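Structure first, commentary second.
Throughout, protein chains are lettered first and strands after them, A, B, ... in sequence-line order, and every chain is numbered starting at 1. What you see is a predicted model; the values in this text were computed from it and never measured.
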Amino acid sequence: GAVVSQHPSRVICKSGTSVKIECRSLDFQATTMFWYRQFPKKSLMLMATSNEGSKATYEQGVEKDKFLINHASLTLSTLTVTSAHPEDSSFYICSALEGERDIQYFGAGTRLSVL
Amino acid sequence: GQNIDQPTEMTATEGAIVQINCTYQTSGFNGLFWYQQHAGEAPTFLSYNVLDGLEEKGRFSSFLSRSKGYSYLLLKELQMKDSASYLCALRGGGYQKVTFGTGTKLQVIP
């Protein structure tokens, strides 16, 4: 199957700092990537759809100024959590849409802990 | 809008067969996915159904009935490593957007 790399896998930061998470499709090009957030024992909550070369589409209730998304190339999307606070602590997962079969392949996830 | 319903938890015995059901309501249907997710890890793709019927892939099979808004994932010859959450996910409405169900936590016991 297609491979998606997400980095870092875990990050601990102080309140008020910004954290950048990278999502790369390694063996295919992805014009569309997705960013999800998952709380313990809950399902995936879509935060935004990242489109290469254009602005991301955010889901209702997700602050676009808080969660900055950049999809500058066909293989890379980044999510920056700005001025992180403890309530932003969560498991963030990206996925990339493999266009030939229209299947989302997921990165390994990033566990963010804000102190 | 979309609504996905699947059981919260299931328990099955090693070597047995288990069927995980998923029912859904959607304003538009473009496909249904099943993903496996182990605790603390990201989901891995299992199957994708667009048309009605059964799709078999090794020990895993997935069935879809669009008229009934129903799908199931069938796991045969259960192994301990199959203990995980199984997520039913629906592509509908916005073509590329996928909505995930809350997942079924499967525990395989000896």
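Only the side chain of A/Glu59 comes within contact range of chain B, with at least one heavy atom under 4.5 Å from a heavy atom of that chain. The contact between A/Leu44 and chain B is made by backbone and side chain atoms together, counting heavy-atom distances below 4.5 Å. Heavy atoms of A/Ile103 lying under 4.5 Å from chain B belong to its backbone as well as its side chain.
Options A/Ala108, A/Ser43, A/Gly107, A/Gly109 differ in how many heavy-atom pairs under 4.5 Å they form with chain B, and the most are formed by A/Ser43.
No hydrogens or angles considered: a donor-acceptor pair under 3.5 Å links the side chains of A/Ser77 and A/Ser50. Checked by atom type, the side-chain pair A/Gln6/A/Thr110 shows a donor-acceptor distance below 3.5 Å.
The ring of B/Tyr70 has its center no closer than 6.0 angstrom to the ring center of B/Tyr24.
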Practice item. Test ring-ring contact (aromatic ring centres under 6.0 Å, His included) on B/Phe45 and A/Phe106 and set out the steps. Key: CA-CA 8 Å; B/Phe45 169 75; A/Phe106 285 84; 9.9 Å; no
